[in-house]
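Quick notes on the structure that follows.
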Amino acid sequence: MAFMEKPPAGKVLLDDTVPLTAAIEASQSLQSHTEYIIRVQRGISVENSWQIVRRYSDFDLLNNSLQIAGLSLPLPPKKLIGNMDREFIAERQKGLQNYLNVITTNHILSNCELVKKFLDPNNYSANYTEIALQQVSMFFRSEPKWEVVEPLKDIGWRIRKKYFLMKIKNQPKERLVLSWADLGPDKYLSDKDFQCLIKLLPSCLHPYIYRVTFATANESSALLIRMFNEKGTLKDLIYKAKPKDPFLKKYCNPKKIQGLELQQIKTYGRQILEVLKFLHDKGFPYGHLHASNVMLDGDTCRLLDLENSLLGLPSFYRSYFSQFRKINTLESVDVHCFGHLLYEMTYGRPPDSVPVDSFPPAPSMAVVAVLESTLSCEACKNGMPTVSRLLQMPLFSDVLLTTSEKPQFKIPTKLKEALRIAKECIEKRLIEEQKQIHQHRRLTRAQSHHGSEEERKKRKILARKKSKRSALENSEEHSAKYSNSNNSGSGASSPLTSPSSPTPPSTSACTILNVNFRDICITSTSSTSTTTSSSLASCEHRGTCPALVPGCEWCEPRGLAQLHPEFPKRNFEESRNL
């Protein structure tokens with residue numbers, strides 16, 4: 001078979017579910033227009049960021065393309081006159097920043113190809129519809145019985161997965177759907193095991209799995225064919241949408257929000273849990289449950305896209321459960337995604353945010369009990385229940401399933417081991433991503449707390465207290481130093497010399513007296529001049545030194561005797577008294 005002999009050039013193994021954030025850093029006015037410099041970041045890593053330059057006309061073109069979603073997006077209005085004024089540009093920049101915030105926080109818009117190409121043109125410049133058509137054409141060379149009726153443009157949310165409406169030449173009225181998908185970042189199977197498992201999917205028989213008619217793969221992508229269902233998916237039923245319409249048009253802004261009836265919720269929920277339990281028991285990783293992956297066949301739900309985990313594609317709800325470190329296995333991921341699905345079936349819309357603090361009134365408290373066990377703050381913090389535990393809850397335990405089809409899905413032992421290793425690798429990448437997000441969240445909280453007004457005031461008060469305490473300690477240290485000097489000076493005795501004695505007093509004695517004199521001088525600064533005179537008059541050394549003795553600091557102040565060695569004692573005494 002010559003199908004897909006060469007992998008598509010420039011294939012990028014990006015995780016398309018990692019959210020992009022955009023911030024306008026500056027604007028620059030040229031001759032006839034203004035350009036806005038935007039910093040775009042993928043995920044939490046500042047290093048994984050880049051700059052793009054966009055004009056207002058680029059924003060306007062994007063907004064026109066997104067009108068198919070039926071949302072009222074806050075793009076600032078056009079202005080023909082005065083659009084180069086500085087104040088107007090600053091005001092428009094604020095409006096464009098708000099517009100970017102809205103489209104990057106909307107779960108469906110942020111994952112669509114239009115927004116990705118606007119914010120990250122380098123990684124999303126390829127035309128995936130064109131690539132898919134080339135691969136499908138190569139497939140038809142070896143399988144001439146199939147024929148393309150029309151491309152089903154953008155009916156899914158994935159950028160790298162394309163759909164085509166098919167027919168069999170000898171059965172022209174029968175319609176089928178061909179899906180082509182590129183590999184994803186979680187593809188850990190070897191090429192041989194990957195191709196064997198893809199070709200094994202048509203042999204999987206289960207009453208709640210939508211059957212694969214044909215499947216094939218090579219080392220870079222896979223192609224599968226299923227029967228086309230006019231009723232569409234469970235999400236089409238909830239949103240009253242047409243299956244062939246684009247994803248943005250069907251689900252972004254439904255005209256009527258209404259949940260399903262209680263009996264439908266119970267039956268569909270029980271069927272989905274049964275097939276999840278079957279896959280878990282088989283050791284087959286899934287992790288891709290959402291309402292668009294559940295096909296409706298009468299009153300029966302059938303699971304779609306079992307090949308996604310083999311291809312390594314990221315989950316639709318990955319940006320939600322990657323925030324919670326307790327949701328770290330594919331089984332717990334399936335349970336958490338089931339909570340999203342149950343919420344959508346109950347209220348006719350997805351939850352505004354996860355975890356959910358409080359749930360609106362539901363058809364039964366049994367529904368709320370299941371939602372609390374999968375979407376509440378406590379559940380996200382402590383971990384998910386098992387599928388078996390959910391099946392035992394009152395909402396599903398009394399549902400009777402009437403089916404005679406016996407499940408059948410034989411996986412060779414060697415491929416089971418390959419699946420187990422691949423599953424562990426997928427979970428390891430998830431745990432590492434959750435760890436990085438948790439550390440980033442803690443750092444952001446600490447920085448926010450450190451930069452708060454209240455925290456700044458506390459730091460100022462502490463700095464003042466520390467400064468006062470340091471000054472007080474320095475003052476006490478100086479006082480203790482002078483006190484020790486006084487004690488040492490008063491304990492020593494200096495022999496008095498006779499006026500007629502030619503022997504000068506020792507230098508050490510003069511130094512000791514000098515300490516006492518300095519102490520007297522220090523105390524004299526805070527007293528009156530009369531006290532100073534009496535203190536000096538009481539000094540024993542006064543008048544005992546018959547001549548200027550070199551080294552006697554009391555008799556010979558520093559610098560004075562050095563300049564004038566023969567300075568008269570009388571003049572010195574007068575100077576000292578002054």
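Predicted, not measured: the structure shown is a model, and the values here were computed from it. Throughout, numbering of the chain's residues begins at 1 and tracks the sequence.
With a 6.0 Å cutoff to the six-membered ring centre and a 45° limit on the axis angle, R92 counts as a cation-pi contact of Y56.
Y347 and Y343 have tilted rings, their planes meeting at an angle from 30° to 60° on a 0 to 90° scale. Aromatic ring pairs are classed by plane angle as parallel below 30°, tilted from 30° to 60° and perpendicular above 60°; the pair W157 and H290 is perpendicular. Using cut-offs of 30° and 60° for the angle between ring planes, the F214 and F139 rings count as tilted.
No donor-acceptor contact under 3.5 angstrom links the side chains of D191 and Q195, judged on distance only. Using modelled atom types and a 3.5 Å distance limit, the side chains of Y210 and D297 yield no donor-acceptor pair.
The distance from atom CG of L462 to atom OG of S467, rounded to the nearest 0.5 Å, is 12.5 Å. A distance of 7.5 Å separates NZ in K161 from CG in L224, rounded to the nearest 0.5 Å.
The backbone N or O of F118 sits less than 3.5 Å from a side-chain atom of R54, completing a donor-acceptor pair. T444 places a side-chain N or O within 3.5 Å of a backbone atom of H440 that can act as its donor or acceptor partner. Under the 3.5 Å distance criterion, the side-chain polar atoms of Q434 are matched with a main-chain donor or acceptor of F324. Of the possible polar contacts, none joining the R42 side chain to the W50 backbone as a donor-acceptor pair under 3.5 Å is found. Under the 3.5 Å distance criterion, the side-chain polar atoms of E307 are left unmatched by any main-chain donor or acceptor of I198. No donor-acceptor pair closer than 3.5 Å links the side chain of S376 to the backbone N or O of S373.
The minimum heavy-atom distance between L310 and K187, with the atom names listed, is O-CG, 3.7 Å. Across every non-hydrogen atom of V136 and F164, the tightest pair is CG2-CE1, 4.0 Å. A pairwise comparison of heavy atoms in D16 and K116 identifies O-NZ, 2.8 Å as the closest pair. Annotation for L176 and K167: closest pair CD1-CA, 4.1 Å, computed over non-hydrogen atoms. Y251 and I108 make their closest contact through O-CD1, 3.9 Å (heavy atoms, listed as atom of the first residue, atom of the second, distance). Smallest separation of non-hydrogen atoms from S315 and T17: O-CG2, 3.3 Å.
A side-chain contact (heavy atoms from CB on, under 4.5 Å) with V40 holds for exactly one of T104, L119, L100; it is L119. Each of K153, K162, R160 was checked for a salt bridge (charged side-chain N to carboxylate O under 4.0 Å, His left out) with E113, and the lone residue meeting it is K162. Just one residue in the list R349, Q258, E344 forms a side chain to side chain donor-acceptor pair (under 3.5 Å) with Y239, and that residue is E344.
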Salt bridge (Lys or Arg N to Asp or Glu O under 4.0 Å) between R429 and D186, intermediate numbers included | CA-CA 8 Å; R429 188 177 85 89; D186 282 325; 2.6 Å; yes
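For E87, the CD atom is loosely surrounded, since the number of other residues' heavy atoms within 6.0 Å does not exceed 12. Heavy-atom contacts from other residues, nucleotides or ligands closer than 6.0 Å to CD of E261 number 12 or fewer. Annotation for K240: atom NZ counts as buried by contact number, over 12 foreign heavy atoms lying within 6.0 Å. Within a 6.0 Å radius of CD in Q51, more than 12 heavy atoms belonging to other residues, nucleotides or ligands are found. Residue K326 qualifies as open at atom NZ: its count of foreign heavy atoms under 6.0 Å is 12 or below. Crowding of K249 atom NZ: a count of heavy atoms from other residues, nucleotides or ligands under 6.0 Å not exceeding 12.
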Tell me which donor-acceptor pairs under 3.5 Å the side chains of residues 59-76 have, and how far apart each pair is, sequence neighbours excluded?
{"unit_1": "D60", "atom_1": "OD2", "unit_2": "K78", "atom_2": "NZ", "d": "3.3"}
{"unit_1": "N63", "atom_1": "OD1", "unit_2": "Y99", "atom_2": "OH", "d": "3.0"}
{"unit_1": "N64", "atom_1": "ND2", "unit_2": "D60", "atom_2": "O", "d": "3.2"}
{"unit_1": "S65", "atom_1": "OG", "unit_2": "L61", "atom_2": "O", "d": "3.1"}
{"unit_1": "Q67", "atom_1": "NE2", "unit_2": "N63", "atom_2": "O", "d": "3.1"}

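Using a 4.0 Å cut-off between charged side-chain N and carboxylate O, K423 and E331 make a salt bridge.
Ring-centre distance between H107 and Y320: below the 6.0 Å cut-off.
With a 4.5 Å cut-off on side-chain heavy atoms, P285 and E424 do not count as touching. Taking the side chain as every heavy atom from C-beta outward, Y124 and L14 approach each other to under 4.5 Å. With contacts defined as side-chain heavy-atom distances shorter than 4.5 Å, the pair L306/L279 qualifies. The side-chain heavy atoms of S179 and R226, taken from C-beta on, include a pair separated by under 4.5 Å. Two residues are said to be in side-chain contact when any heavy atoms from C-beta on lie closer than 4.5 Å; V294 and L296 fail this criterion. You'll find the side chain of R442 reaches within 4.5 Å of the side chain of H438, heavy atoms only.
With sequence neighbours excluded, no residue satisfies side chain to side chain donor-acceptor pair (under 3.5 Å) with S110. P243 pairs by the side chain to side chain contact (heavy atoms under 4.5 Å, CB included) definition with D236, not counting sequence neighbours.
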